[in-house]
2 protein chains.
Amino acid sequence: MEPLVTRLRNREWRLTAQRRVIAETLAGEHVHLTADEVYERSRAVLPEVSRATVYNTLNELVGMGELLEMTHTDGRKRYDPNVEERHHHLVCVSCGRMLDVRADDPRLPEDQHHGFELLAVEVTFRARCPECVPAASTS
Amino acid sequence: MEPLVTRLRNREWRLTAQRRVIAETLAGEHVHLTADEVYERSRAVLPEVSRATVYNTLNELVGMGELLEMTHTDGRKRYDPNVEERHHHLVCVSCGRMLDVRADDPRLPEDQHHGFELLAVEVTFRARCPECVPAASTS
DNA sequence: GTCCCTGCAAACGTTTTGCACACAG
DNA sequence: CTGTGTGCAAAACGTTTGCAGGGAC
């Protein structure tokens with residue numbers, strides 16, 4: 001697949017310095033960044049980037065399908081370039097600890113597609129971590 | 001399984017009128033309520049319930065594993081009693097439209113459990129809905 | 001030159017918190 | 001009676017928006 005920046009240019013996307021920096025931040029090897037982390041990293045490269053632009057750009061990229069928005073248990077949105085190796089999540093419902101895990105992607109049966117064009121699948125396993133299990137033994 | 005209120009009493013949970021109403025609201029047949037919806041419904045039954053208490057109670061129930069917190073794409077948290085029929089979600093990355101779908105749950109391989117006690121699995125299929133597909137044909 | 005993107009700061013909606021009072025145990 | 005849960009209102013948090021100026025095409 002072509003690099004992200006190239007794909008964006010081909011979509012007739014106005015390529016500004018800020019947008020390029022944001023896109024390049026996401027194209028890195030990071031796994032799932034919050035909007036604010038993207039903001040900090042982008043600003044480290046190009047100081048004249050505003051928080052608003054980061055949010056706007058992230059939303060556009062998600063709408064284009066070039067980026068996955070994965071809203072995690074912790075309430076804040078996290079973003080993931082959709083080209084990376086797939087991974088899923090295991091989170092403790094009690095303390096919020098989160099681990100990356102590997103598991104097979106579930107398949108969506110053909111009769112459940114509803115005409116949608118599938119892009120990706122996100123899986124979150126809810127669980128109680130070893131430290132939190134003892135506390136729950138009141139049954 | 002015993003009713004939710006009974007399970008809570010057995011956990012030495014201080015059972016107040018407000019908490020009972022909140023728990024009963026959730027025990028209903030609803031699928032995924034926001035905190036505010038829980039607040040409205042609880043207040044319809046017992047007017048002297050405050051928003052803060054709803055939030056506190058929901059957080060406690062999630063920590064206990066009696067309730068699943070599922071943060072959807074729309075940013076706000078939604079809550080789901082973990083006893084209901086499982087269903088998954090199909091979300092349009094462009095317009096946010098969300099449908100419930102049925103699909104097999106993915107299995108988490110034994111060597112990926114990390115000592116966690118599994119409670120549930122949440123699956124979100126990211127896609128582009130029929131109305132949003134045409135707009136994206138700029139490649 | 002035009003239109004879209006940008007930065008700033010203020011607005012927004014949701015969730016959390018501090019405090020004094022009230023009630024379950 | 002004691003300790004914990006409650007209501008209220010204000011704060012915190014992440015995100016969005018309105019507006020005037022600036023830069024990509």
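Heavy-atom basis, side chains included; hydrogens, waters and symmetry copies ignored. Just so it is clear: chains get the letters A, B, ... in the order the sequence lines come, proteins before strands, and each one is counted from 1.
- Closest approach to the B:A35 side chain among C:dT15, D:dT6, D:dT4 is made by C:dT15 (side chain taken as heavy atoms from C-beta onward).
- Here A:N59 does not reach the OP1 or OP2 of D:dT15: none of its side-chain N or O atoms lies under 4.0 Å away.
- If you measure from atom CD of B:E37 to atom P of C:dT15, you get 11 Å, rounded to the nearest angstrom.
- In this structure, CG in B:L118 is found 6.5 Å from CG in A:L90, a value given to the nearest 0.5 Å.
- As rounded to whole Å, 19 Å separates atom P of C:dG13 from atom NZ of B:K77.
- Annotation: of the two residues near DNA chain C, B:R76 and A:A52, the 5′-most nearest-nucleotide partner is A:A52.
- Along DNA chain C, the nucleotide nearest B:T16 and the nucleotide nearest B:N56 are compared for position; the residue whose nucleotide lies closer to the 5' end is B:N56.
- Between the CZ atom of A:R20 and the P atom of D:dG23 there is a distance of 15 Å, rounded to whole Å.
- Sparse packing is recorded around CG of B:D104, with 12 or fewer heavy atoms of other residues, nucleotides or ligands lying under 6.0 Å away.
- As a whole-Å value, the separation of A:W13 CH2 from C:dT6 P is 7 Å.
- Regarding contacts with the backbone of C:dG7, a side-chain N or O of A:Q18 is found under 4.0 angstrom from either OP1 or OP2.
- The CZ atom of B:R11 sits 18 Å away from the C1' atom of D:dT4 (whole-angstrom rounding).
- Between the CZ atom of A:R51 and the P atom of C:dA10 there is a distance of 14 Å, given to the nearest Å.
- Relative orientation of the B:H32 and B:H89 rings is tilted, given thresholds of 30° and 60° on the angle between their planes.
- Here the CD-OG1 distance, from A:E69 to B:T124, works out to 11.0 Å after rounding to the nearest 0.5 Å.
- Nucleotide C:dG25 holds its C1' atom 12 Å from the CG atom of B:L15, rounded to whole Å.
- Rounded to an integer number of Å, the gap from B:Y55 OH to C:dT17 P is 13 Å.
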